[in-house]
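Reviewing the structure listed below.
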Protein chains: 2
Amino acid sequence: MTWRMRFSVSILVVYTCLVNYKEEQTSTDTYNLKMVFPKQSTPSPRRDTAAQAPFAKVKAYLMKELSTGRWPPGSVMPSEPELVAQFQVSRMTVSRALRELQTEGFVTRVQGVGTFAAHLGLVSSTLTLPDLQHEIVSSGHRHSVQVHMAQEERCSAALAAEFHLAEGTLVFHTLVVHFDNGIAMQCEDRFVNPACAPDYLATDFNQITPTVYLRTVAPLWEAQYSVEAALPTAQEAALLGVSAATPCLIVLRKTANADVPITLARQVHPGDRYRLNGHFKP
Amino acid sequence: MTWRMRFSVSILVVYTCLVNYKEEQTSTDTYNLKMVFPKQSTPSPRRDTAAQAPFAKVKAYLMKELSTGRWPPGSVMPSEPELVAQFQVSRMTVSRALRELQTEGFVTRVQGVGTFAAHLGLVSSTLTLPDLQHEIVSSGHRHSVQVHMAQEERCSAALAAEFHLAEGTLVFHTLVVHFDNGIAMQCEDRFVNPACAPDYLATDFNQITPTVYLRTVAPLWEAQYSVEAALPTAQEAALLGVSAATPCLIVLRKTANADVPITLARQVHPGDRYRLNGHFKP
DNA sequence: CAGTGGTCTAGACCACTGA
DNA sequence: CAGTGGTCTAGACCACTGA
């Protein structure tokens with residue numbers, strides 16, 4: 001399924017541990033507390049709609065009618081010629097409005113058949129995986145790192161398969177901890193394909209993070225992600241300064257450029273300090 | 001920041017518990033194993049590019065040159081008239097190519113100034129939050145639910161604030177566990193604004209899940225998400241049949257239609273059974 | 001001022017679907 | 001076959017920027 005939308009996201013950093021609510025409470029109270037969202041600043045500029053372009057008017061009209069249920073999911077919507085007549089605009093204009101709605105997932109179009117209201121609910125919503133350093137800095141906090149390892153290694157069979165390399169080939173391996181105002185937020189274990197970034201190990205990660213450096217040498221063109229909750233390894237717990245029983249949010253990322261794998265990373269975040277947040281609106 | 005892309009996602013359901021690797025191993029081995037992605041079927045149809053439309057050719061050309069670093073982030077790219085001359089197409093055609101690249105976040109355009117290569121790395125990538133039932137069913141598994149609670153309640157102060165209602169107003173409250181082939185995958189605790197779905201409690205959740213039902217009565221038009229790793233409550237652990245020390249992936253979702261809050265949900269997934277997966281390519 | 005992007009028009013040809 | 005969407009053209013007017 002395709003989902004295209006304007007999508008603004010922010011990362012929430014929780015310093016204080018989440019309160020341990022008494023679990024003996026009635027379920028109602030327990031859940032009420034656990035389900036309250038963090039307060040948001042919500043600047044919400046709401047730009048002036050001043051002069052709206054014709055294609056935007058058509059699009060806004062269709063969006064509004066869709067939201068009121070005028071065209072239930074799966075039903076036929078007006079054709080391009082009908083909208084041309086209704087709005088007295090050229091076909092290119094309504095075409096653009098409809099194409100954008102299709103791109104955003106609100107309608108389905110089939111050549112030779114027509115335009116249909118989409119089954120919105122079937123579409124999953126998106127959440128961004130933010131760049132930690134960028135978010136820390138842009139929120140006015142101080143970002144720092146500790147480099148615990150930066151070396152060459154011969155890769156294992158499993159790793160070799162991921163990188164499409166022969167077992168035993170040299171790869172770069174770093175282990176870096178990221179801090180937000182001195183608090184450990186992420187333990188990043190990363191392997192890098194030397195062919196893509198020969199100078200990787202020579203980089204001063206206190207000046208430029210692995211993620212940022214890799215961007216400069218190889219634009220990101222494909223990525224695979226996985227987000228899960230699990231316990232940290234003993235080493236990770238020690239590096240993060242948390243108990244080995246602390247649930248962690250773990251992000252695995254693998255990026256490639258034109259089928260050449262660039263890097264494989266495991267980013268471990270203490271569950272009580274880090275959370276992925278997303279706000280989604282059409 | 002705006003991020004628009006074609007984005008395909010799948011949910012991975014892990015039945016067997018993740019293997020507990022020996023943590024006494026060298027860090028290299030430990031991480032290699034923990035960082036391997038699950039094998040994917042990757043059907044990857046790779047549609048034939050057969051006859052590519054002119055606007056698509058221009059777009060593909062610009063994408064390719066961008067990926068090779070011809071225009072470093074922030075640098076000036078060819079203007080519309082230049083591309084018109086180069087490709088011998090009309091301005092509308094190159095305009096569409098550039099507009100789509102802008103929508104997808106690859107270029108930045110400023111009226112009166114020009115088109116610039118975007119700072120790709122600053123853009124965060126997206127991940128979808130899939131609809132559990134839909135994913136279970138579409139993967140050929142059997143989806144079932146257990147309804148543990150479905151009642152009216154007077155809402156607490158915190159909940160009332162979330163719903164923009166007065167404290168003590170009646171709201172609907174359900175507690176449902178979702179199973180994939182009999183294995184508990186999600187414990188969903190949900191509050192619903194009665195004004196939006198008066199018949200919510202009369203629904204047979206064995207036939208139609210809360211999410212699906214709410215879609216039918218109120219199209220989703222705005223949502224707020226939060227994903228975190230934490231321990232389940234004692235009740236959740238019992239309902240899911242896991243230890244209270246099991247790290248869980250917890251999704252909070254709040255949806256609203258035109259500023260009217262519809263529902264607030266807390267979805268708790270055992271970390272060793274559920275994972276969010278995303279594959280991202282331009 | 002020249003150059004840029006933002007948008008629109010009126011017409012066109014095409015591929016596709018379903019009666 | 002008539003109706004649909006997919007796309008393109010050649011020209012146009014405009015707002016905006018920076019010299």
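Labels below follow one simple rule: chain letters A, B, ... track the order of the sequence lines, proteins then strands, and each chain is numbered from 1. Since the model is a prediction, treat every value here as computed from it, not as a measurement.
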Item checked: Short side-chain to backbone donor-acceptor contact, A/Asn181 and A/His141, under 3.5 Å -> no

Notebook entry, point to check: Using a cut-off of less than 4.0 Å, is there contact between a side-chain N or O of B/Ser90 and OP1 or OP2 of D/dA10?
Noted result: no

Notebook entry, point to check: Would you say A/Ser95 reaches D/dT7's phosphate, i.e. side-chain N/O to OP1/OP2 under 4.0 Å?
Noted result: no

Nearest whole Å is fine: how far is [N] [atom2] from [X] [atom1]?
| X | N | atom1 | atom2 | answer |
| --- | --- | --- | --- | --- |
| A/Leu98 | D/dT4 | CG | C1' | 12 Å |
| B/Glu100 | D/dG6 | CD | C1' | 12 Å |
| A/Leu83 | D/dT4 | CG | P | 11 Å |
| B/Phe116 | C/dG5 | CZ | C1' | 11 Å |
| B/Arg109 | C/dT4 | CZ | C1' | 9 Å |
| B/Gln52 | D/dT7 | CD | P | 11 Å |
| B/Glu80 | D/dA10 | CD | P | 16 Å |
| A/Phe87 | C/dT7 | CZ | P | 17 Å |

With respect to the side chain of [X], which nucleotide from [options] is positioned closest?
| X | options | result |
| --- | --- | --- |
| B/Gln111 | C/dA10, C/dG6, D/dT9 | C/dG6 |
| B/Val113 | C/dA10, D/dT17, D/dG5 | D/dT17 |
| A/Met92 | C/dA15, D/dC8, C/dG6 | D/dC8 |
| A/Pro81 | D/dT7, D/dT4, D/dG6 | D/dT4 |
| B/Arg99 | C/dT7, C/dT4, D/dG6 | C/dT7 |

Next item on the list: Specify whether A/Phe87 and A/Tyr61 have parallel, tilted or perpendicular ring planes, treating 30° as the upper limit for parallel and 60° as the lower limit for perpendicular.
Entry: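 Ring orientation of A/Phe87 relative to A/Tyr61: perpendicular.
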
Note to self: Any N or O donor-acceptor pair under 3.5 Å from the base of C/dG6 to the side chain of A/Arg96?
What the structure shows: no

Notebook entry, point to check: Is there a donor and acceptor pair closer than 3.5 Å between the side chain of A/Arg91 and the base of D/dG6?
Noted result: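 Donor-acceptor pair under 3.5 Å: yes.
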
Next item on the list: Determine the sole option in A/Gln133, A/His178, A/Arg190 for which the side chain to side chain donor-acceptor pair (under 3.5 Å) test with A/Thr211 is passed.
Entry: A/Arg190

Next item on the list: Quick one: look up who D/dG11 pairs with, Watson-Crick or G-U, both distances under 3.5 Å, and put none if it's unpaired.
Entry: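 Its partner is C/dC8.
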
Checklist line | Under 3.5 Å on both distances, the Watson-Crick or G-U partner of D/dC16 | finding: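 Its partner is C/dG3 (Watson-Crick or G-U wobble, both distances under 3.5 Å).
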
Notebook entry, point to check: Judged by modelled atom types alone, do A/Thr263 and A/Tyr200 share a side-chain donor-acceptor pair under 3.5 Å?
Noted result: no

Notebook entry, point to check: Reckon B/Thr115 touches a base, only the sugar-phosphate, or nothing at all at heavy-atom distances under 4.0 Å?
Noted result: sugar-phosphate

Check: Does A/Arg109 pair with A/Glu80 as a salt bridge, N-O distance under 4.0 Å?
Finding: yes

